[in-house]
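Index from 1, following the sequence. These numbers were taken from a predicted model, which means no experiment stands behind them. Values below: every heavy atom of this structure, side chains too, minus hydrogens, waters and symmetry copies.
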Amino acid sequence: QVQLVESGGGLVQAGGSLRLSCAASRLTFSSYFMGWFRQTPGKEREFVAAISRYGGSTYYADSVKGRFTISRDNAKNTVYLQMNSLEPEDTAVYYCAAGLKGPTSGYYYWGQGTQVTVSS
């Protein structure tokens with residue numbers, strides 16, 4: 001079955017940077033929109049960013065515009081989320097997802113998540 005595996009989470013001070021990666025397998029990677037979502041305990045999962053099949057279009061939640069950048073390398077079956085100017089409010093478990101329709105909904109496959117903690 002399709003697998004999405006996130007990595008790169010950790011602890012960082014406010015104002016710092018972190019780069020998340022998501023590697024896909026058993027998937028025709030270039031056929032899919034890829035997205036990043038995040039979730040904190042007791043809250044619904046929220047959309048963070050998405051990127052079209054070949055990277056020509058990107059989409060961001062208002063809360064991360066100007067700070068986060070999504071990118072993809074189809075030759076490596078990998079999508080990235082570069083997070084700069086991190087704030088404590090960015091603390092969450094971050095998930096990558098793949099879907100045939102997007103950019104903010106309709107994702108079929110999900111990774112296991114990686115924890116990002118931003119200290120003040």
Side-chain angles (χ1 to χ4, degrees):
Q1 186 55 37
V2 169
Q3 289 187 345
L4 303 176
V5 180
E6 301 97 332
S7 62
L11 175 65
V12 64
Q13 290 186 332
S17 297
L18 210 57
R19 180 179 172 88
L20 306 183
S21 299
C22 174
S25 62
R26 305 176 195 167
L27 179 70
T28 304
F29 189 73
S30 62
S31 295
Y32 289 83
F33 264 80
M34 297 297 298
W36 287 95
F37 294 74
R38 65 188 183 186
Q39 188 170 26
T40 57
K43 303 291 185 180
E44 293 184 348
R45 190 170 298 183
E46 67 171 327
F47 169 79
V48 175
I51 188 166
S52 60
R53 294 168 59 199
Y54 291 96
S57 299
T58 57
Y59 310 85
Y60 298 95
D62 288 342
S63 59
V64 306
K65 286 180 180 176
R67 300 188 298 119
F68 290 11
T69 302
I70 188 171
S71 61
R72 67 191 295 164
D73 185 341
N74 287 354
K76 296 182 178 179
N77 285 8
T78 301
V79 62
Y80 306 94
L81 186 67
Q82 178 67 46
M83 304 184 293
N84 298 328
S85 301
L86 282 162
E87 304 167 354
E89 297 75 31
D90 297 316
T91 295
V93 177
Y94 283 71
Y95 299 87
C96 67
L100 295 175
K101 298 185 295 289
T104 60
S105 63
Y107 291 90
Y108 302 116
Y109 304 110
W110 297 83
Q112 82 287 351
T114 185
Q115 177 71 47
V116 172
T117 302
V118 184
S119 62
S120 61

side-chain contact (heavy atoms from CB on, under 4.5 Å) for V79 and I70? Distances and angles first, verdict last.
CA-CA 7 Å; V79 62; I70 188 171; 4.0 Å; yes
Does the pair E6 and L20 meet the rule for a side-chain contact (heavy atoms from CB on, under 4.5 Å), with working shown?
CA-CA 7 Å; E6 301 97 332; L20 306 183; over 6 Å; no
Distance-only check: which donor-acceptor pairs under 3.5 Å involve side-chain atoms of residues 80-88, not counting sequence neighbours?
| residue | atom | partner | partner atom | Å |
| --- | --- | --- | --- | --- |
| Q82 | NE2 | N84 | OD1 | 3.0 |
| N84 | OD1 | S17 | OG | 2.9 |

List the atom of [X], the atom of [Y], and the distance in Å for their closest heavy-atom pair.
{"X": "Y109", "Y": "L4", "result": "O-CD1, 3.4 Å"}
{"X": "A50", "Y": "Y107", "result": "CB-OH, 3.3 Å"}
{"X": "T78", "Y": "S21", "result": "CG2-CB, 4.3 Å"}
{"X": "Y60", "Y": "A49", "result": "CD2-CB, 3.7 Å"}
{"X": "S30", "Y": "Y54", "result": "OG-OH, 3.8 Å"}
{"X": "Q39", "Y": "K43", "result": "NE2-O, 3.0 Å"}

Is there a donor-acceptor pair closer than 3.5 Å between any side-chain N or O of T91 and the backbone N or O of T117?
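No.
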To the closest 0.5 Å, what do you measure between [atom1] ([X]) and [atom2] ([Y])?
{"X": "S7", "Y": "R19", "atom1": "OG", "atom2": "CZ", "value": "10.0 Å"}
{"X": "S57", "Y": "I51", "atom1": "OG", "atom2": "CD1", "value": "9.0 Å"}
{"X": "M34", "Y": "N77", "atom1": "CE", "atom2": "CG", "value": "9.0 Å"}

Hey, are the side chains of [X] and [Y] touching, using non-hydrogen atoms and a 4.5 Å cut-off?
{"X": "Q115", "Y": "L11", "result": "no"}
{"X": "V116", "Y": "L18", "result": "yes"}
{"X": "Y32", "Y": "R53", "result": "no"}

Please step through side chain to side chain donor-acceptor pair (under 3.5 Å) for the pair K101 and Y108, ending with a clear verdict.
CA-CA 9 Å; K101 298 185 295 289; Y108 302 116; 2.9 Å; yes
Evaluate F37 against E46 for side-chain contact (heavy atoms from CB on, under 4.5 Å), listing each step before the verdict.
CA-CA 5 Å; F37 294 74; E46 67 171 327; over 6 Å; no
Tell me whether W110 shares a hydrophobic cluster with W36, the cluster being built from Ile, Leu, Val, Met, Phe, Trp, Tyr side chains joined at under 4.5 Å.
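Cluster IDs for W110 and W36 differ.
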Classify the ring geometry between F68 and Y94 as parallel (under 30°), tilted (30 to 60°) or perpendicular (over 60°).
tilted
Fit a plane to each ring of Y59 and F33, take the angle between them on a 0 to 90° scale, and name the class: parallel (under 30°), tilted (30 to 60°) or perpendicular (over 60°).
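Correct class here is tilted.
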Give a yes/no verdict on a cation-pi contact between R72 and F29, requiring under 6.0 Å between NZ or CZ and the six-membered ring centre and an angle within 45° of the axis.
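Judged by the rule, R72 and F29 form a cation-pi pair.
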Evaluate the criterion side-chain contact (heavy atoms from CB on, under 4.5 Å) for residue pair V64 and R38; output intermediate values, then yes/no.
CA-CA 12 Å; V64 306; R38 65 188 183 186; 4.0 Å; yes
